[in-house]
Amino acid sequence: MSEPAAQGAAVAPDEAIYIGPDYAPQLTNDDLAPLVKQKWTWYNIFAFWMSDVHSVGGYVTAGSLFALGLASWQVFVCLLVGITIVMALANLVAKPSQVAGTPYPVISRSPFGVRGANIPAIIRGLIAVAWYGIQTFLASEAIMIVFLRLWPGLMPYADREQYGFVGLSALGWVCFIILWVAQAFVFWHGMDSIRKFIDWAGPAVYVVMFVLAIYLVGRAGLQNIDLALGGVSKTGLEALGTMAIATSLVVSYFSGPLLNFGDISRYGKSYQQVKRGNFWGLPVNFTFFSLLTVLCAAATIPVFGELITDPIATVARIDNTYAILLGALTFATATVGINIVANFISPAFDFSHVNPQKISWRTGGMIAAVGSVLLTPWNLYSNPEVIHYTLDVLAAFTGPLFGILIVDYYLVKKQKVVVDDLYTLDPNGRYYYRNGFNPRAIWALVIGGVITLAIVVIPVEPLATIADFSWFIGAGLGSLAYYLLPEYRRPAAEPVEDAVNVRA
């Protein structure tokens, strides 16, 4: 990676950023500018993925695959194949941002144009806001368990029929606000504080999971535990089809963080450090966490007489008050971790990108936080149909966005980024295209997004059969359309090789 070479550039030592003399204020602020000093090691990347995996959602997702009617070994094959695919995709999307030192919305200027990049930024930002609210609500449920365990007299205030407002109980509001403020506090102190938080939050969950597994297995007896949680009901070709769906579900679960992984990889010391962190954080970590998850879930059957795949509900059934407090607070912390890294950092950069001079990274994050409350996520979560269609409609476009970015960087631009041109409104800039928009990318997004959206929302065969693979379909259609559509050519385009500040 070449160092910035343009003369007259401004480098802020404390922020470790580079601002070229011709950078347009409409495209630049201290949060979006390319980094000069990239400090994150492989462990920081590893800890990022731990925070992403070690959550209530990750626990439930891994456990649910064992209830699909497959044999245990088949599920583990799906988990391993799925997470390996995620690692490969993460490595692909990590490189352009790590090389350029820029976040996801800025590197998206390469395929979409310096103004057109607001399209993927807004789409990803809206998805993150919705999930941010839902994850905050889920974590607040753990805090509510703690309150009710310590002060049983608060039970009436947990009833939304007696004390409720817009669908949430009075105690629910208190718990939600506590988590909302705690997350905002960590976020407000910047990326370095977030890095320190996730460095210990993910490992802390492992400690609790080990203790929970030992406790449950001890009570159940190892001989009474059956890892085939739902029983084996799929064989032959039906089993292969179910395995394909299970593998796709693993990839789909990570599709959001995958798309904007550049927001994290930009901080990596080197691309090799990022890849090493991805290896330990994804296939190694996810597989081991899945084993612990399934062991805990399987043990709930002989211990409590029913299968419980929600770790918070499992902890709530334990008789020991101290165990409940430790477990609930730890899983709440874990959910805060994934919420910050997956659903707070992304909209912070995305919304800041829309108007860099008026919306800072912190302001963008707070816009997302406030928006998550206005969505009343507890009502979304209580209505599966609403959340399914709301989020799936938006998510139908994440696959095409991913495919377009990958094809542009690796096949069209041949792994070269002219960093200075990402920040200029000069019509001669490589990423200005037509008035700042690249028609090729926009049409590819429309083609891939509309077809994928139809597959998701139209409940007819054969569309319903392939709906579980919508992310792959969207990514494939978006990338293929972008590659085949004609390139927008402007007059007197300067070859990339002759430009200043090329990073490859």
Side-chain angles (χ1 to χ4, degrees), residues 42-68 70-94 131 135 138 198-210 212-213 227 229 243-261 264-265 268 273-298 309-311 330-331 333-343 402 468 471-472:
W42 71 270
Y43 178 80
N44 302 132
I45 305 297
F46 168 53
F48 161 81
W49 287 118
M50 275 201 291
S51 292
D52 207 2
V53 170
H54 302 177
S55 66
V56 175
Y59 188 112
V60 173
T61 299
S64 66
L65 298 185
F66 284 81
L68 292 176
L70 297 171
S72 297
W73 70 267
Q74 292 173 319
V75 176
F76 281 114
V77 168
C78 297
L79 288 170
L80 188 58
V81 172
I83 204 63
T84 301
I85 292 173
V86 172
M87 181 187 69
L89 296 176
N91 288 341
L92 285 175
V93 80
W131 274 116
Q135 291 281 17
L138 290 175
I198 64 177
D199 278 353
W200 67 265
V205 179
Y206 262 137
V207 175
V208 173
M209 287 286 289
F210 270 119
L212 185 62
L227 295 182
L229 301 184
M243 289 177 70
I245 291 173
T247 302
S248 179
L249 287 174
V250 173
V251 179
S252 297
Y253 176 76
F254 291 97
S255 61
L258 264 180
L259 179 61
N260 67 286
F261 183 55
I264 301 300
S265 67
Q273 289 278 324
V274 173
K275 289 200 298 183
R276 184 181 177 190
N278 287 346
F279 172 75
W280 287 102
L282 287 168
V284 175
N285 170 60
F286 184 73
T287 302
F288 191 60
F289 180 76
S290 298
L291 285 170
L292 280 176
T293 295
V294 173
L295 188 61
C296 290
T309 58
D310 185 338
T330 303
F331 280 113
T333 300
T335 305
V336 168
I338 184 179
N339 222 11
I340 290 176
V341 300
N343 302 318
F402 183 93
D468 290 315
W471 188 89
F472 288 97

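Everything numeric here is computed off the predicted structure, so don't read it as measured data.
Atom CD1 of residue I198 and atom CG of residue N44 lie 7.0 Å apart, to the nearest 0.5 angstrom. Here the straight-line distance linking atom CG of L92 with atom NZ of K275 works out to 10.0 Å at 0.5 Å rounding. Atoms CD1 and CG, from I83 and L282 in turn, are 4.5 Å apart once rounded to the nearest 0.5 Å. Here the OG atom belonging to S255 is positioned 10.0 Å from the CG atom belonging to N260, to the nearest 0.5 angstrom. Distance check: L70 CG to M243 CE gives 6.5 Å after rounding to the nearest 0.5 Å.
Just one residue in the list D52, I264, V86 forms a side chain to side chain contact (heavy atoms under 4.5 Å, CB included) with P257, and that residue is D52.
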### Task
Check the pair V250, L79 against side chain to side chain contact (heavy atoms under 4.5 Å, CB included), reporting the backbone distance first and the verdict last.
CA-CA 7 Å; V250 173; L79 288 170; 4.1 Å; yes
### Candidate pair F46 and F279, rule ring pair (Phe, Tyr, Trp, His ring centres under 6.0 Å), full reasoning
CA-CA 8 Å; F46 168 53; F279 172 75; over 10 Å; no
### Message
Is there a side chain to side chain contact (heavy atoms under 4.5 Å, CB included) between Y43 and F48? Walk through the geometry before answering.
### Response
CA-CA 8 Å; Y43 178 80; F48 161 81; over 6 Å; no
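Every residue two or more places apart in sequence or in another chain that forms a side-chain hydrogen bond (donor to acceptor under 3.5 Å, both in side chains) with N339 is listed here: T136, Q183, N343. The side chain to side chain contact (heavy atoms under 4.5 Å, CB included) check on V81 picks up V77, I85, T247, with sequence neighbours excluded.
Relative ring orientation between W280 and W42 is described as tilted, the plane-to-plane angle lying within the 30° to 60° band.
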Would you mind writing out the side-chain donor-acceptor pairs for residues 285-296 within the sub-3.5 Å range, not counting sequence neighbours?
| from | atom 1 | to | atom 2 | distance (Å) |
| --- | --- | --- | --- | --- |
| N285 | OD1 | H54 | NE2 | 2.9 |
| N285 | OD1 | Y206 | OH | 2.6 |
| N285 | ND2 | G281 | O | 3.1 |
| T287 | OG1 | P283 | O | 2.6 |
| S290 | OG | F286 | O | 2.8 |
| T293 | OG1 | F289 | O | 2.9 |

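Formation of a donor-acceptor pair under 3.5 Å by the S248 side chain with backbone atoms of I245 is not found in this model.
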